[in-house]
**Student:** 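Below are the structure tokens for one structure; questions will follow.
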Amino acid sequence: MKSGTDSTRVYDAIPQLGRLREQVLIGDVWQQPELSLRDRVLVTCSVLASTGKVEELKIWMARGLDSGVTEDEFRGLVVQVAFYAGWPSGLAAGRALVALLDERQGT
């Protein structure tokens, strides 16, 4: 579940953060039985979208598509975010989704 080269560099530079990520976040929180991986990704994407973390959102949307979240479900997420977190957050989430889908379709 690495977020890319920039995150890897941060975890290398700050080993405590990397250890917490591996042992607590991935090793415990993401393993809890209350939510499926797919649902956990949807929740994570909703929070990232509502807080404007667009680069991370694109990464997690890609993971979501790979984990069974459909494009239509992400479209629904964008609308929900727009109403509950604000229109700019919804637009940012929509831009992240469009960019991801364009990349996957090679356009």
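Numbering of residues begins at 1 and proceeds along the displayed sequence.
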**Student:** To the nearest 0.5 angstrom, please state how far the CG atom of Leu97 sits from the NZ atom of Lys58.
**Tutor:** 10.5 Å

**Student:** Can you see which heavy atom on Arg40 is nearest to which on Pro33, and at what distance?
**Tutor:** NH2-N, 4.3 Å

**Student:** Step by step, work out the side-chain contact (heavy atoms from CB on, under 4.5 Å) result for Val24 and Trp30.
**Tutor:** CA-CA 9 Å; Val24 178; Trp30 277 84; over 6 Å; no

**Student:** Just verifying a value: how many Å separate Glu56 CD and Met61 CE, rounded to the nearest 0.5 Å?
**Tutor:** 13.0 Å

**Student:** Can you tell me how far apart CG (Leu17) and CD (Glu22) are? Round to the nearest 0.5 Å.
**Tutor:** 10.5 Å

**Student:** Give me the atom names and distance for the closest heavy-atom approach of Ser89 to Ala85.
**Tutor:** OG-O, 3.7 Å

**Student:** Roughly how far, to the nearest 0.5 Å, is the CG atom of Leu20 from the CD1 atom of Ile26?
**Tutor:** 11.5 Å

**Student:** Do Val29 and Leu35 sit in the same hydrophobic cluster, where Ile, Leu, Val, Met, Phe, Trp and Tyr count as joined when their side-chain heavy atoms come under 4.5 Å apart?
**Tutor:** no

**Student:** Quick check: is Val79 connected to Leu91 through a chain of hydrophobic side chains (ILVMFWY, heavy atoms under 4.5 Å apart)?
**Tutor:** yes

**Student:** Should Arg75 and Asp72 count as an ion pair when the cut-off is N to O under 4.0 Å?
**Tutor:** yes

**Student:** Hey, are the side chains of Val43 and Ser46 touching, using non-hydrogen atoms and a 4.5 Å cut-off?
**Tutor:** no

**Student:** Closer than 3.5 angstrom, by distance alone: can the side chain of Arg19 be matched with the main-chain N or O of Ile14 as a donor-acceptor pair?
**Tutor:** no

**Student:** Going from CG on Leu77 to CG on Leu48, what distance comes out if it is rounded to the nearest 0.5 angstrom?
**Tutor:** 10.0 Å

**Student:** Just so I know, are the side chains of Trp60 and Leu65 near enough to count as touching, which here means a heavy-atom distance under 4.5 Å?
**Tutor:** no

**Student:** If you compare all heavy atoms of Gln31 against all heavy atoms of Gly27, which two are closest, and at what distance to 0.1 Å?
**Tutor:** CG-O, 3.5 Å

**Student:** At their closest point, which heavy atom of Leu57 faces which heavy atom of Cys45, and how far apart are they?
**Tutor:** CD1-O, 3.4 Å

**Student:** Would you call Glu73-Arg38 a salt bridge at under 4.0 Å N-O?
**Tutor:** yes

**Student:** Do the side chains of Leu101 and Phe74 get nearer than 4.5 Å, heavy atoms only?
**Tutor:** no

**Student:** What heavy-atom pair brings Val54 and Ala96 nearest, and what distance separates the two atoms?
**Tutor:** CG1-CB, 3.9 Å

**Student:** Shortest non-hydrogen contact from Ser67 to Leu37?
**Tutor:** OG-CD2, 3.7 Å

**Student:** Answer yes or no: is there a side-chain heavy-atom contact under 4.5 Å between Ser7 and Arg21?
**Tutor:** no

